[in-house]
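Beneath this line is the structure, given in structure tokens, with notes to follow.
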Amino acid sequence: MPVELGFAEECDRPRRLTSTFFPSKIGGRPAWLALRGIPSADDVKCGICDVPMAFLMQVYAPLENRDDCFHRSLFVFCCLDGRCHASQDQAKCFKVLRSQLSRHNPYYPSEAPQSGGEEDGDGEGGEGPAASPPPPATADMQPLCVVCGLRGDKQCSQCQLARYCSKEHQAWHWKKGGHKVTCKEGAGAAASTSDARFGFPELEIVMEPEPEEAAALGAVAGNGGEDGDEDDDEDGDGGEGDTQEGERRRMAEYRQTLKRLNLNAPKAEGEGGAGGAGADEEEEDLSWFEQHMVKPDVSFMRFQKRVSVEPDQVMRYELAGDPLWISSENVPTDLAKCGNCGGERVFTFQVLPQMLNYLKVDNVQATAAAAAAATAAGAPVEAVLATIDWGVLCVYTCAKSCGRSAGDEREYVEELLVEQRISAQGTGVGMSG
């Protein structure tokens, strides 16, 4: 099947990002598919800090010719603490859940609405036959956390209205979400006097087929010789001078791509200094390149060329296809089996580093107080300078897209996420699920 690319866009009709319309989206609160059995805070706790993660994105991915997968969505959660993302177990900062429903289910009509009316959210007005009644709102089926949208098993002891998934989110809502004021005024659970936002900005993911020329570029880049060392010697005799010049050119391309992808790269020639510092930094760059990328990284070149055709893409969907790895190093070969049925998993989609540009994640320094506290505790200051970052996030799902076994009441099954990172310190890989 052809690769489908996802692009992040503002949605002028927020209702289209609710469960009724089976959206693919980034941030906000999850638009749950199954409206019972909604995950709790314990289901999405970070494997490092043990705090509930935030909703990162979801993809609507039904399977053709499978009535039991007529509706199918994948949900990705991400820890908000940059220190966890700086750890060696970075993949434990993510979790993927799968939910699927047959065409005839307790929540949604078996046939799509026949009209493009106001309630359909398409902005075309109210002409045409009346639309099918919308399904019950998620909140009517199960109480939800007013902060993040997970199952709200706890409630405010004072107003008895606000529901929470955890004590962490109850504290957040009281201190930052304005509930300290609205609770006393009896203004209701969701009312807020604060502009504070939990999690990531909400954006729609719009899917489009990958242009044919992008796939062709990827194949050429993967040929090794065609985009590898031979290009460096085409104007020379392959001697040491030509090799160094080729490496300098690749270093410049590599640095520029890392900068565009929001990753860490060595300083550019002449940056951060005056006078003759440029030459020293050029040699430093070349030394770094020789140490980490002695040969052109075929996977990186393929990634760079293929993504450059549509540089704004934030995700790639290709069920049972192959990931577009950002590095040839640390590519996983032994994937965990499905935790539900024990079967094999297949690649399904990947999240690109371009998505980080839309998340409004602070790529910043710690405050002076945090740095001082880290120093006093004997911890490295770098630990509080960390931010959310990744190379690529690759999601693998059960090849059979297995359903629930007899007596199993779960509506959301955990799947596998493989995180490949790349920085000036090298590459790494991790798995969650």
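- Remark: the backbone N or O of C398 is paired with a side-chain donor or acceptor of E415 at under 3.5 angstrom.
- Considering all non-hydrogen atoms of both residues, R29 and V147 come closest at NE-O, 3.8 Å.
- The main-chain N or O of R72 is never found under 3.5 Å from a side-chain atom of R98 such that the two would form a donor-acceptor pair.
- In this structure the side chain of V314 never reaches within 4.5 angstrom of the side chain of M57, judged on heavy atoms.
- Panel note: side chain R66, backbone K400; a donor-acceptor pair is recorded below 3.5 Å.
- Counting heavy atoms of neighbouring residues, nucleotides and ligands inside a 6.0 Å radius, atom CZ of R36 does not exceed 12 of them.
- In this structure, the ring of W32 has its center less than 6.0 angstrom from the ring center of Y412.
- For the pair R302 (side chain) and W325 (backbone), a donor-acceptor distance under 3.5 Å is absent.
- Between Y107 and H71, a ring centre-to-centre spacing not shorter than 6.0 Å is recorded.
- Considering only residues two or more places apart in sequence or on other chains, D153 meets the side chain to side chain donor-acceptor pair (under 3.5 Å) condition with R151.
- Here the straight-line distance linking atom CZ of F77 with atom CG of L150 works out to 5.5 Å at 0.5 Å rounding.
- The side chain to side chain donor-acceptor pair (under 3.5 Å) pairs that include a residue from residues 43-56 are S40-D43, D42-K45, where partners are two or more places apart or lie in different chains.
- Using a 4.5 Å heavy-atom cutoff, the side chains of F21 and R13 are not in contact.
- Heavy-atom minimum distance, V346 versus L319: CG2-CD1, 4.2 Å.
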